J.: 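Have a look at this one.
Numbers restart at 1 for each chain; the letters A, B, ... are given by sequence-line order, proteins then strands. Source: prediction; values computed, not measured. Computation of the quantities below employed the complete heavy-atom set of this structure, encompassing side-chain atoms and omitting hydrogens, waters and symmetry-equivalent molecules.
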There are 2 protein chains.
Amino acid sequence: MSSDATPTAPAALELEPQAVEVIERYWAERASGPSRKILIGATLAFAELGYHGASTRAIAARAEMSPAAVYIHFSSKVELFHHIALEGHKTSTGAFNEPADLVSDPASKLRIGVASFATFNAEMNTFSRTIEYEMRLHHDRRFADVWRLRRGVEEHMRRILQAGVDEGVFRIADIEWMKILLLSNCIDIARWYRHESPHTPLALGFRYADLAMSLVGATTP
Amino acid sequence: MSSDATPTAPAALELEPQAVEVIERYWAERASGPSRKILIGATLAFAELGYHGASTRAIAARAEMSPAAVYIHFSSKVELFHHIALEGHKTSTGAFNEPADLVSDPASKLRIGVASFATFNAEMNTFSRTIEYEMRLHHDRRFADVWRLRRGVEEHMRRILQAGVDEGVFRIADIEWMKILLLSNCIDIARWYRHESPHTPLALGFRYADLAMSLVGATTP
DNA sequence: GCTGAGACTAAGCGTATGCTTAGTTTTCTC
DNA sequence: GAGAAAACTAAGCATACGCTTAGTCTCAGC
């Protein structure tokens with residue numbers, strides 16, 4: 001039995017070059033100097049190897065530093081992941097909340113919120129997917145703030161749908177179900193989207209916005 | 001910096017009791033004796049801790065065996081995961097393909113295929129989610145068979161949609177996009193569904209089937 | 001009951017892990 | 001330029017990891 005064990009370790013996932021660029025640009029806007037290099041390296045390592053599969057040595061190598069240097073800037077591996085997950089969720093939830101808050105009627109909120117959220121998940125597909133998948137293993141107190149952000153988007157979506165129904169512009173039989181469905185659509189983009197897809201993230205966002213309007217039975221043209 | 005490292009390891013994810021039962025029943029139907037115990041233990045460990053986070057000791061403990069006993073039945077940890085992923089994908093793809101193959105017209109194929117696939121992903125949410133998430137880290141040759149099964153469902157869905165358009169019963173502007181959308185809806189159920197949800201997997205399957213018929217603009221009542 | 005095969009274990013191996021330490025290098029301020 | 005603080009490294013620690021080995025136990029067949 002043991003003699004047929006394959007000597008090859010699982011190969012690291014090959015990331016799309018554009019996905020790497022997106023991640024580098026993302027952290028360039030939010031961190032500088034060595035911290036930035038570590039955040040980029042860690043994000044890439046987590047994306048390619050998973051949280052537990054990514055050793056601090058792998059992270060450090062991608063940051064072109066020694067493993068010990070990582071601890072100058074982040075107190076632990078899990079704290080590093082927490083930082084990435086929190087920042088990622090702030091951006092992700094902001095991608096939905098902020099555009100929706102720029103308009104006042106429910107239909108526009110829904111359209112622009114969904115478009116923006118879908119675009120974000122397509123553009124940041126590798127980043128979003130990684131955090132999404134790895135967050136399931138982190139339910140301890142340290143990550144309570146991240147989980148809270150997620151619940152905030154659900155609540156926001158529910159309020160938009162409720163307002164639309166109250167104003168008679170949405171025809172929804174089951175708001176809770178519609179909320180789940182609309183968010184599910186947007187979130188799953190991170191799983192399947194690749195930059196080589198025929199649609200740009202922006203175009204995809206419009207598609208999902210149109211779909212959302214259709215699903216809620218929006219009465220506006 | 002290092003002095004504020006939290007001494008607590010990430011807590012193992014708490015699985016829904018019903019999710020545990022589902023997994024136990026699943027393997028009861030496909031394995032017996034010690035192999036079954038190992039498959040159950042490993043599936044639970046992977047679900048709670050992730051692939052890399054689940055040590056062979058954790059797997060063995062859940063199977064109530066020693067770590068060495070696992071190697072009598074499975075040649076390596078990765079082979080154990082491969083076995084679980086392959087079996088899971090055979091069942092998952094079967095959940096779509098087999099019901100759809102029982103009927104001949106595209107509308108019925110779509111309805112029954114989606115209903116069945118959605119029901120499967122809800123019922124087996126923990127199992128599906130775990131495999132889905134961990135499969136992204138396994139792209140080496142060993143897992144080619146698993147990846148092939150996934151592509152088979154996509155192809156099948158595309159053929160159903162094409163047949164519906166050819167026969168004039170579906171009104172779809174972009175078949176490729178519709179294919180992605182319909183499968184995305186079903187697959188993402190595994191991410192969000194919990195057994196404590198108000199809808200049973202079966203009821204959810206019908207909802208998704210209705211949604212699919214609506215989305216393709218099916219002309220049959 | 002005996003024997004051999006298969007299943008199983010305790011112990012351990014070689015290696016990897018997250019993290020620390022002591023020393024070195026770099027940067028910043030005066 | 002000097003000194004202090006910050007950033008960084010090589011080396012190493014304590015522990016965990018996937019897996020093997022040698023011995024023990026259990027089961028099935030005769």
Side-chain angles (χ1 to χ4, degrees), chain A residues 1-12 31-43 45-46 48-85 134 137-138 140 142, chain B residues 1-12 31-43 45-46 48-85 134 137-138 140 142:
Chain A
M1 282 297 158
S2 308
S3 60
D4 77 343
T6 310
T8 56
S32 60
S35 290
R36 185 207 290 178
K37 292 172 67 177
I38 293 168
L39 289 166
I40 292 170
T43 305
F46 293 147
E48 291 167 30
L49 304 164
Y51 174 76
H52 286 297
S55 65
T56 51
R57 288 166 176 79
I59 293 167
R62 285 164 173 76
E64 294 173 327
M65 290 184 188
S66 74
V70 176
Y71 292 89
I72 305 289
H73 302 269
F74 298 93
S75 55
S76 63
K77 181 182 171 185
V78 70
E79 184 54 42
L80 177 55
F81 177 68
H82 175 263
H83 185 104
I84 292 170
E134 299 298 336
L137 303 178
H138 297 277
D140 54 324
R142 178 194 294 268
Chain B
M1 283 292 158
S2 309
S3 59
D4 78 345
T6 310
T8 56
S32 60
S35 290
R36 184 208 289 179
K37 291 173 66 177
I38 294 169
L39 289 166
I40 292 170
T43 305
F46 292 146
E48 292 166 25
L49 303 164
Y51 174 77
H52 286 298
S55 66
T56 51
R57 288 163 175 81
I59 292 167
R62 285 166 174 75
E64 295 176 322
M65 291 184 189
S66 72
V70 175
Y71 292 89
I72 306 288
H73 302 268
F74 297 92
S75 55
S76 64
K77 181 182 171 186
V78 69
E79 184 52 41
L80 176 55
F81 178 67
H82 175 261
H83 184 102
I84 292 168
E134 299 299 336
L137 303 178
H138 296 277
D140 55 325
R142 179 193 296 267

J.: Of all heavy-atom pairs between A:R142 and A:S76, which one has the smallest distance, and what is that distance?
T.: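 Closest approach of A:R142 to A:S76: NH2-OG, 4.4 Å.
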J.: Within the structure shown, what part of the strands sits under 4.0 Å from B:A58 by heavy-atom distance: base, sugar-phosphate, or nothing?
T.: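 Nothing, no nucleic acid heavy atom in range.
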J.: Provide, to the nearest angstrom, the distance between the CZ atom belonging to A:R57 and the P atom belonging to D:dC13.
T.: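 Distance, rounded to whole Å: 13 Å.
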J.: Got a second to check how far A:I59's CD1 is from A:I40's CD1, nearest 0.5 Å?
T.: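 That separation rounds to 13.5 Å.
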J.: Taking B:S32's backbone N and O only, do any of them form a donor-acceptor pair with B:K37's side chain (distance below 3.5 Å, no angle check)?
T.: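 Checking the backbone N and O of B:S32 against the side chain of B:K37, no donor-acceptor pair under 3.5 Å is found.
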J.: Listing time: all N or O pairs from protein to nucleotides 25-28 of chain D that are below 3.5 Å?
T.:
none

J.: Separation of A:L80 atom CG from C:dC19 atom C1', in whole Å?
T.: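 Result: 14 Å.
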J.: Can you classify the ring geometry of A:F81 versus A:Y51 as parallel (below 30°), tilted (30 to 60°) or perpendicular (above 60°)?
T.: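 Because their plane-to-plane angle lies in the 30° to 60° range, the rings of A:F81 and A:Y51 count as tilted.
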J.: Atom NE2 of B:H52 and atom C1' of C:dA16: how far apart are they, to the nearest Å?
T.: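 B:H52 atom NE2 is separated from C:dA16 atom C1' by 13 Å.
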J.: In the structure I gave you, are the side-chain heavy atoms of A:T56 and A:V70 within less than 4.5 Å of one another anywhere?
T.: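 They are not in side-chain contact.
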J.: Run the side chain to side chain contact (heavy atoms under 4.5 Å, CB included) test on B:F46 and B:K77 for me, step by step, so that the C-alpha distance in whole Å, both residues' side-chain angles and the decisive distance to 0.1 Å come before the verdict.
T.: CA-CA 11 Å; B:F46 292 146; B:K77 181 182 171 186; 4.1 Å; yes
J.: What's A:A54 touching, base or sugar-phosphate or nothing? Going by heavy atoms closer than 4.0 Å.
T.: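 Answer is sugar-phosphate: A:A54 comes under 4.0 Å of backbone atoms only.
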J.: Give a yes/no on whether any side-chain N or O of A:T56 is located under 4.0 angstrom from OP1 or OP2 of C:dG18.
T.: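 Checking A:T56 against C:dG18: at least one side-chain N or O falls below 4.0 Å of OP1 or OP2.
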J.: Any non-hydrogen side-chain atom of B:L80 less than 4.5 Å from a side-chain atom of B:H82?
T.: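 No, every pair of side-chain atoms sits at 4.5 Å or beyond.
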J.: Which pair of heavy atoms, one from A:L137 and one from B:G50, lies closest together, and at what distance?
T.: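 So the two residues come closest at CD2-N, 3.5 Å.
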J.: Tell me the interatomic distance from B:F74, atom CZ, to D:dG18, atom P, rounded to whole angstroms.
T.: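 B:F74 atom CZ is separated from D:dG18 atom P by 16 Å.
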J.: B:K77 side chain: which of D:dG18, C:dT17, C:dC19 is closest?
T.: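 The listed nucleotide nearest to B:K77's side chain is D:dG18.
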J.: Whole angstrom is fine here: how far is it from CG in B:L49 over to C1' in D:dC17?
T.: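 Result: 14 Å.
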J.: Could you tell me whether the side chain of B:R62 reaches within less than 4.5 Å of the side chain of B:E48, counting heavy atoms only?
T.: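 Side-chain contact under 4.5 Å: yes.
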J.: Look only at the side chain of A:S35 and the backbone of A:A31, and say whether a donor-acceptor pair between them is shorter than 3.5 Å.
T.: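 A pair under 3.5 Å: no.
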J.: So for the helix from C:dG1-D:dC30 to C:dC30-D:dG1, with five pairs setting each end axis, what is the inter-axis angle to 10°?
T.: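 Terminal axis comparison yields 20°.
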J.: What is the distance, rounded to the nearest whole Å, between atom OH of A:Y71 and atom P of C:dG18?
T.: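 From A:Y71 OH to C:dG18 P: 6 Å.
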J.: Output one letter per nucleotide in nucleotides 5-11 of chain C: B when a protein non-hydrogen atom lies under 4.0 Å from the base, S when only the sugar-phosphate is that close, - when neither is.
T.: --SBBB-
J.: Which atoms form the tightest heavy-atom contact between A:T43 and A:L39, and what is the distance?
T.: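 Where A:T43 meets A:L39 most closely, the heavy atoms are OG1-O, 2.6 Å.
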